Structures are given as structure tokens and as C-alpha cells.
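Everything below concerns the one structure shown next.
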Amino acid sequence: MLDIKLIRENPEYVRKKLKDRNEDDSIILKLQEIDGKRLEIIKKAEVLKEKRNKVSDEIGIMKRNKENADGKIAEMKKVSDEIKSYDEELRKVDEEIEKELYYLPALPDDKVPFGKSADDNVEKIVCGEKLHFDFKVKDHVELGKMLDILDFERGTKISGSGFPLYKGKGATIERALINYMLDTHIANGYKEILPPILVNRASMEAAEKVPKFEEDMYRTVPDDLFAIPTAEVPIINIHRDEIFKQDELPLKYCGFTNCFRREAGSYGKDTKGFLRVHQFNKVELINFCQPENSYEEMEKMVIDARRILDGLKVHYRIIELCTGDIGFSASKCYDIEVWSYAEDKWLEASSVSNCTDFQSRRAKIRYKKILEGGKTKTELVHILNGSGLATSRLMVSILESNQTKDGHIVVPEVLKKYTGFEII
RNA sequence: AGAGAGAUGGCUGAGUGGUUGAAAGCGGCGGUCUUGAAAACCGUUGUAGCCUUACGGUUACCGGGGGUUCGAAUCCCUCUCUCUCUGCCA
């Protein structure tokens, strides 16, 4: 959620940033108007409330002295009615502002490259060896079927398209990958979390997923619980409405969960195998930190995600998303893409975002900043999230790049101690 | 799921219509004392909005929402959650 104060005090800046994102900025004019109205109502109501409080105290004293206070009571009855109507107006205006704020995205950082679409994203670095095969590479769906480790047809029978079924060594290598990632992150200072994967509406709102993306979420009807699209949601909500001490930051969590996305609006796109699925596995990294350190922490998170790929010897690249392509809650975002030899293209496997105070404002996650002279000030933390990483597209790259001419898969070195076998 | 009890500041816990933003204790912070520490003593100690250059003023907040009243932590309705007992269950 954006700060209404920023819109009040610096509307031109906000409008420019929204335009950079290809967003409609006319909403700011509307918000300024409603906000102005809101302040007017507050002022009027507060003058009356002050009067009511004062006179009510006087009435109390008069009653105690057995004096007649009927006149004052009659007068205050009128004042009270007036207050009620102002409060009613205020409620409506608050609701209107809230409604607009729910749909306004985070503002891009000044250093983010300007661009209209994904085509304008900037490639930062390409890593890992790109392999050359002296045979025709098989894609992951074919390999999965041949080796009987992935069964997309039966996954479809059980649930629908986009719900992969892992079997035998396929299930084992998936589990190995998750353990490898978690162990690596834990060794690098992240605390492991295994959170609930159904969350309530308040948690979804605090993480800025709902109402804006409600259509993309799976929702249970009788209880109004949402299947999480990412572990980011429950992990952020661990600290909803809490205030950290400064020395508790940065606070780093990692967590494995299943993730669920309806992918509404992308039917017919990348439907093959793992390329776009409704349920997938992901190890997520979350970092709560002081605002002045967040961009530095972001670079560290990219290193933490890359460590996984370097270990697996995957060919990957990092791109910085341009202003037109960064996600709703992020001020800056890097994507990590792995190379698919069979698809002959890059696949997004991770995304590291600095959401600054966009989520912490809605979630009310703050910390006591220590000022000079030992005084403290409560300030919003910055929240960063990064996948470290999602397994499905990573698995595409792993299966493809470790295949042999006769159709087997060599288990990557770092996973062997987790799988207990070396070849599939 | 049924019956009962409850939800107050960082914590424990008073408070059942009128100087209660809220007693008291603990904790935290600052100070006195001390070579240092502890103890003791003194002081201080919530969040947010609005007005103000500032000092400060003011409003709201006692689980959430609504209501009664001149006035609500206190009365009423409703929701959520916690605890105890019963039932069911991995």
C-alpha cells in the first residue's frame, strides 16, 4: 500500500512513477480530492468531539453536585447527532480511499531502468556453462514419461491440467532438490519455516495479494481461506502487527511450501509439462530489514539464490526488470532464468524483489529505530522476497542438461547425497 | 460439533456508566549511589491521525464490528479467538 501522505505531499512524483509503470495516473487526482475531503471532515468532527468531551465532564460534575444539567444534555444531544453524521461520512470516504489504495502498485526505485514491457528488461549477467549435445535432446515431458518419473496425464486425471504427478525417482529427486536448497540457505543464516498453506483473507491482504489478484487465487468456500500462491504470504504474516527491536534486523527466513496459482488469463500459454502449472514447489527467502539496508540486502539475496544454481551447474542468467515489468508490490526486481535446451529459451525460475515498505505498511510490521541520544522511533521495515528457488522450471533445466544419449538422467553431484542414487 | 468461562498497556493483573489513557506489580529506559556490578532510591515508560516552524494542543484506540447514552474499558447485539469439560478425528 502506498502512503497516502506521499500522495498528499508529492502527487507529481507519484504520478510520474505510475506513468513509468504504464499505470493510469488519473487516480491520483481523484485520491487527492477525496483525501482533502477526508481531512476537512476530520477537522470538523474533532472540534465537536472536543466540545462533547468537555461538556460531558461538566455534566458529570453538575450531576454529582445535584445540579440540573438538562440544558447542557439537550445541547450535547444535538452535537452528538452531528458527530454521528460526520463519522458516517468519514467512514464512506475512508472506504473509498482504501479501495483505490488496494489497486495502486508500489513505485519503482529511481535506479530501475525505464521500459514499456518485458522486452526492455536488462540482462545483467549470464552464468554457468552452456552445454553442447551431440544428439537430439529430449524435453522434460518425454524424459519424464520414458523413465516413468513424471506423469502429467494422470496428474490431469486426479486434479486437472497443471497439477504434476511425480513418481519414483522423480519424486525422490524433487525432494532431494528441496532439501539441498533448504540446507544451503540454513547454512547461510536463514531460519527455516514450515508454515500453513491455507491462509485467511487478512493475511492475503497484508501481503498485497488480495483483492487485486483474487482471481488468480484458489479459495476455499465455506471458510474463506486461500491456498497460498507463495510462502511469502504466510511468512510475512508471521510478524503482522508486530514491532521489532532494531538489533533483530535483518531477519531472514527460508521456507518450503507447495504453491498454488490459478493462472487465470494465461490459458493456452506454455501449457507443456512444467512450463506453467497450478501447483508447484518452491523454497522462498524472506528478509525483514531496515530501510537503509534493503537494496544491499537484495543483492545478497540474489547471491543466495545463485548459490543453488551454481551448485547444480545450471546455465542461467539474471535480468533486471524494467519499470514496465516489475511486479505489483516491488520497487525493484531481478529475475533469474534457467536455460532450456529443448525449448531453446530462458525460463523464469526465481524472482528477487525489494518491496520496501509497500507490504509492511499494510501489514503494520515496524521496528524501533534507535536515534541519536538513545531515543527511539517506530518505523516501517522493508520486506524483500526471493525464490530460492521454484523447482518446476529448474527441474526442466536439470533433467534436460543431465540427460544421456540413451535417455537416462545423471543426478547432479550436489543432490547425490540426498537421492541415494546416481542415475535415473 | 455441544456446554461453560474468558479476552484490559511489553508481561502479570485491578477496574461494572462521569478528572481512567487506564491502579498496582514486573519488565524496559534515564539518573543517584559504586572502582565496577548488584541492591536500594528518584524519575520516565503505548500506537496512530489531525493542527503547529517549534513548545505544545487535540482526536481515536481496553479482541474486531455495530448499538444504547450528554458521557462507555464498564450496558446491549454480533463476530473472532483462547481456556475447561463432552463428542469426533490424523
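Chain naming here is simple, since letters A, B, ... match the order of the sequence lines and numbering starts at 1 in each. Bear in mind the structure is a predicted one, so any value in this text is a computation, not a measurement.
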TODO: Please state the P separation for the pair A5(B) and G71(B) - nearest whole angstrom.
DONE: 31 Å
- [ ] Would you please say whether a donor-acceptor pair under 3.5 Å links the side chains of E174(A) and T391(A)?
- [x] yes
- [ ] Could you check how far NZ of K43(A) sits from C1' of U52(B), rounded to whole Å?
- [x] 12 Å
Task: RNA chain B: 5'-proximal contact among R64(A) and I73(A) (nearest heavy atom) - done: R64(A)
- [ ] Give the nucleotide from the list G46(B), G18(B), C51(B) with an atom nearest to the side chain of L39(A).
- [x] C51(B)
- [ ] Could you let me know what A1(B) is paired to, Watson-Crick or G-U wobble, both distances under 3.5 Å, or none if it's on its own?
- [x] U86(B)
- [ ] Give a yes-or-no answer on whether the side chains of K169(A) and T419(A) include a donor-acceptor pair shorter than 3.5 Å.
- [x] no
Open item on the list: Can you identify which nucleotide, out of G49(B), C70(B), A60(B), has its nearest atom closest to the M76(A) side chain?
Closed with: C70(B)
TODO: Could you give the distance separating A72(B) and C77(B) at their C1' atoms, to the nearest angstrom?
DONE: 15 Å
Task: Side-chain H-bond candidate by donor/acceptor type, Y316(A) with D310(A), under 3.5 Å - done: yes
Open item on the list: Whether the D304(A) and N188(A) side chains hold a donor-acceptor pair (N or O, under 3.5 Å, no angle test) is what I'd like checked.
Closed with: no
Task: Separation of atom NZ in K364(A) from atom P in C61(B), rounded to whole Å - done: 15 Å
Task: For atom CD of E67(A) and atom P of G18(B), their distance in whole Å - done: 18 Å
Task: Separation of the C1' atoms in A73(B) and U16(B), to the nearest angstrom - done: 9 Å
Task: Watson-Crick or G-U wobble partner of U32(B), both distances under 3.5 Å - done: A40(B)
Task: Complement of G25(B), any strand, by Watson-Crick or G-U distances under 3.5 angstrom - done: C11(B)
TODO: Please tell me which of K63(A) and I42(A) maps to the more 5' nucleotide of RNA chain B, matching each residue to the nucleotide holding its nearest heavy atom.
DONE: K63(A)
TODO: Calculate the interatomic distance between I243(A) atom CD1 and U47(B) atom C1'; express it in whole Å.
DONE: 7 Å
Task: Watson-Crick or G-U counterpart of U53(B), or none if no pair lies under 3.5 Å - done: none
Atom pairs, protein N/O to nucleotides 55-57 of chain B N/O, distance under 3.5 Å:
none

Task: Partner nucleotide of C81(B) by Watson-Crick or wobble geometry (both distances under 3.5 Å) - done: G6(B)
TODO: Pick base, sugar-phosphate or nothing for K54(A), based on heavy-atom distances below 4.0 Å to the nucleic acid.
DONE: nothing
Open item on the list: When you measure from the side-chain N and O atoms of R91(A) to the phosphate of G66(B), is any distance below 4.0 Å, counting only OP1 and OP2?
Closed with: yes
TODO: Can you tell me, in whole Å, how much space there is between the C1' of G6(B) and that of U19(B)?
DONE: 30 Å
Open item on the list: Can you identify which nucleotide, out of U59(B), G18(B), U68(B), has its nearest atom closest to the I59(A) side chain?
Closed with: G18(B)
Open item on the list: Mind checking if K72(A) touches a base, just sugar-phosphate, or nothing, with heavy atoms under 4.0 Å?
Closed with: nothing
TODO: Could you verify whether a donor N or O on one side chain and an acceptor N or O on the other, from T356(A) and N354(A), lie under 3.5 Å apart?
DONE: no
Open item on the list: What I want to check is whether the side chains of E379(A) and Y367(A) have a donor and an acceptor closer together than 3.5 Å.
Closed with: yes
Open item on the list: Measuring only the P atom in each nucleotide, how far is C29(B) from U84(B)? A whole number of Å is fine.
Closed with: 35 Å
Open item on the list: Check K332(A) with D109(A), please: is the shortest side-chain N to carboxylate O separation under 4.0 Å?
Closed with: no
Task: Side-chain donor-acceptor contact under 3.5 Å, N200(A) with S203(A) - done: yes
Open item on the list: Taking 4.0 Å as the cut-off, does a side-chain nitrogen or oxygen of K368(A) come that near to OP1 or OP2 on U47(B)?
Closed with: yes
TODO: Examine A60(B): is either OP1 or OP2 under 4.0 Å from a nitrogen or oxygen in the side chain of N53(A)? Give yes or no.
DONE: yes
Task: Whole-Å gap separating P (A1(B)) and CG (D223(A)) - done: 9 Å
TODO: Assess the side chains of Y418(A) and D183(A): does a donor N or O sit below 3.5 Å from an acceptor N or O?
DONE: yes
Open item on the list: Could you tell me how far C11(B) sits from U68(B) if I compare only their C1' atoms? Round to whole Å.
Closed with: 35 Å
TODO: State the pairing partner of C62(B); accept Watson-Crick or G-U wobble contacts with both distances under 3.5 Å, and report none otherwise.
DONE: none
Open item on the list: Please pick, from U59(B), C50(B), A48(B), the nucleotide with the shortest atom-to-atom distance to any side-chain atom of T378(A).
Closed with: A48(B)
TODO: Any strand is fair game: report the nucleotide pairing with C70(B) by Watson-Crick or G-U wobble, both distances under 3.5 Å, or none.
DONE: G18(B)
Task: R52(A) side chain near A60(B) phosphate (N/O to OP1/OP2, under 4.0 Å) - done: yes
- [ ] Could you check whether K78(A) gets within reach of a base, just the sugar-phosphate, or nothing at all, counting any heavy atom under 4.0 Å?
- [x] nothing
TODO: State whether a side-chain donor-acceptor pair under 3.5 Å links E192(A) with Y253(A).
DONE: no
- [ ] Can you tell me the distance, in whole Å, between the NZ atom of K245(A) and the P atom of U45(B)?
- [x] 20 Å
Open item on the list: Measuring to OP1 and OP2 of C70(B), would you say a side-chain N or O of K84(A) lies under 4.0 angstrom away?
Closed with: no
Task: Nearest-neighbour nucleotide for the S80(A) side chain, A60(B), C50(B), C70(B) considered - done: C70(B)
- [ ] Sticking with atom C1', work out how far U12(B) lies from A3(B), rounded to a whole angstrom.
- [x] 29 Å
- [ ] Please determine, by modelled atom types, if R175(A) and Y166(A) share a side-chain donor-acceptor pair under 3.5 angstrom.
- [x] no
Task: Candidates A48(B), G49(B), C70(B) - which lies nearest the side chain of R366(A) - done: A48(B)
Task: Distance between C1' atoms of G9(B) and G15(B) (Å, rounded) - done: 14 Å
Open item on the list: Could you tell me how far apart I370(A) (CD1) and G30(B) (C1') are, to the nearest whole angstrom?
Closed with: 15 Å
Task: Euclidean distance, atom CD1 of residue I61(A) to atom P of C70(B) [Å, nearest integer] - done: 19 Å
